[in-house]
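Data block below; observations after.
Keep in mind it's a predicted model, so treat the numbers as computed, not measured. We name chains A, B, ... by the order of the sequence lines, and we start the count at 1 in each one. Hydrogens, waters and symmetry mates play no part in the numbers below; they use all other heavy atoms, side chains included.
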There are 2 protein chains.
Amino acid sequence: MSEEVDAGVTGERAGKRVRADAQRNTDALLSAAAEVFATSGVDAPVRQITAKAGVGAGTLYRHFPQRSDLIAAVFRHEVDACADAAPALAAQHEPLEALVKWLQRFTGFIGTKHGLSAALHSGDPAYSSLPAYFQQRFVPVLRALLDRAAEAGEVRSDVDPYDLLRATANLTLPAREDDGHTQRMVALLIDGLRFGAGGTVSGPGAG
Amino acid sequence: MSEEVDAGVTGERAGKRVRADAQRNTDALLSAAAEVFATSGVDAPVRQITAKAGVGAGTLYRHFPQRSDLIAAVFRHEVDACADAAPALAAQHEPLEALVKWLQRFTGFIGTKHGLSAALHSGDPAYSSLPAYFQQRFVPVLRALLDRAAEAGEVRSDVDPYDLLRATANLTLPAREDDGHTQRMVALLIDGLRFGAGGTVSGPGAG
DNA sequence: GACGATACGGAACAACGTTCCGCTTAGCAA
DNA sequence: TTGCTAAGCGGAACGTTGTTCCGTATCGTC
């Protein structure tokens, strides 16, 4: 799932040995960047990251020539964690409930990524690999949840998972403080999914 | 509708006479900013605007101490134009159709404002006046459309206009190219509105 | 035409992303 | 252990940005 994307970032390529200090600094940078991104967003000053990691600017640019490389590396495991949560939810809950709960989990994940949306849509080709990874991890997960709910007759079957993924992310990312707006609007989207579904129609309120 | 927001930006305050060169430069800056914003987004370098306007940096900061002042002044008439389109739509179309058509008009307006979303949600208090103006112009307009459609039994009545406004804008702004995603997702939102409404339930597809 | 108030322009400053290069250090061989 | 070499390191330095400041130019009036 991450054969090409990984190479050149973590430095654990097959044919080359990595010097110990290089690996150490890479890890320190990833750790520091994760903290700084969560605190100040992905647009945080580079020097803030290098200072926290205790390395020079040159070191950062050696390991992550593109800023997107650093961002991608930091977020990849969070993406994986969110995607991997879906099977458990599907096993524990009814189809619609599992779908709703995973979307809530997804909004929780996206909600901490301030500034990421702007970066993704900045038009800078350096960020082009990020949406691809998001997509290839999340689309199958959401498709499975949607299909299961559709087979149960609880949601309609004509909605593209990628559409719903983008829409949910777009609704979530711009929120600064959690005033319930995101949850209400995602619930509204889910009601839209249920509208006209084959199953029983009970009433609004998906969450 | 714009008593407080206007003062101090256009320079046409009541008690003070404005020097001719000051007014000339204000107009030149507004005109230049409008062009630059449309071309390079609202994050365009300040010097690009001052150069096009043929003024110094000091002149810009004198007339627009906050960057948001300039942005607000440039976009205000576009906001007004969009808001003012609602009554005509309401007069020409059925309640639900008028609501849908105005939301489409609204997405068209928002769709050209690349970078504005990031600015609005950057957390910088300097931009706090912009959402206020958007809100005070658009919320009453959308509320009227929603109320009319709700009275006709075509949509539910428990949706806050401001919520719907933000959601639609959030769905629209991040789009780089128009692949129909925004229209599909706004249609899904509208289906969510129709879900559980008092009137007849016909089937999905609001557009 | 002269005067005071107002506004102008661009140099100057601070903070940023990014590059570059002399120095350090890890890894290996003897 | 010692010495060698290539890889890697740190931070100074550069260009670009937003923003401020102040000597100078201009406007409006007498």
In terms of side-chain heavy atoms, does Tyr61(B) have a donor or acceptor partner in Asp69(B) at a distance below 3.5 Å?
no

Nearest whole angstrom, please: distance from the P of dG10(D) to the CD1 of Ile49(A).
15 Å

Quick check: on DNA chain C, is the nucleotide nearest Gly58(A) upstream (toward 5') of the one nearest Val46(A), or the reverse? Name the residue that is more 5'.
Val46(A)

For Ala44(A), report the nucleic acid contact type (base, sugar-phosphate, nothing); a contact means any heavy atom under 4.0 Å.
sugar-phosphate

Would you indicate which nucleotide in dG17(C), dT19(C), dG18(D) comes nearest to any side-chain atom of Ala57(A)?
dT19(C)

Please report, rounded to the nearest Å, how far the C1' atom of dG9(C) is from the CG atom of Leu60(B).
12 Å

Using the side-chain contact (heavy atoms from CB on, under 4.5 Å) rule, take Leu145(A) and Lys101(A) through it: C-alpha gap first, then chi angles, then the decisive distance, then the call.
CA-CA 10 Å; Leu145(A) 291 169; Lys101(A) 281 191 182 300; over 6 Å; no

Identify the two heavy atoms, one from Leu103(A) and one from Leu164(A), that lie closest to each other, and give their separation to 0.1 Å.
CD1-CD2, 4.4 Å

What is the minimum heavy-atom distance between Ser40(A) and Gln48(A), and which atoms define it?
OG-NE2, 3.3 Å

By nearest atom, which of the nucleotides dC27(D), dA6(D), dT19(D) is closest to the Arg19(A) side chain?
dA6(D)

From CZ of Phe64(A) across to P of dG17(C) the rounded distance in Å is 16 Å

Roughly, in whole Å, what's the span from CZ in Arg24(A) to P in dA7(D)?
18 Å

Please state how far atom CG in Leu70(A) lies from atom C1' in dG17(C), giving the value in whole angstrom units.
14 Å

In terms of side-chain heavy atoms of Val55(A), which of dA26(C), dC27(D), dG10(D) is nearest?
dG10(D)

Taking atom C1' of dC20(C) as reference, at what distance in whole Å does atom CZ of Arg62(A) sit?
11 Å

What is the distance from CD of Gln23(B) to C1' of dC8(C), rounded to the nearest Å?
16 Å

Side chains of Leu70(B) and Ile49(B), heavy atoms from C-beta outward: is any pair under 4.5 Å?
yes

Which is more 5' along DNA chain C, the nucleotide nearest Asn25(B) or the one nearest Tyr61(A)? Just name the residue.
Asn25(B)

Please confirm whether the shortest side-chain N or O distance from His63(B) to OP1 or OP2 of dA7(C) is below 4.0 Å.
no

Between Thr59(A) and Pro45(B), which is nearer to the 5' end of DNA chain D once each is assigned its nearest nucleotide?
Thr59(A)

Could you state the CD-P distance from Gln48(B) to dT17(D), rounded to the nearest angstrom?
8 Å

Side chain of Arg47(A), heavy atoms from C-beta onward: which of dC16(C), dC9(D), dA7(C) has the nearest atom to it?
dC16(C)

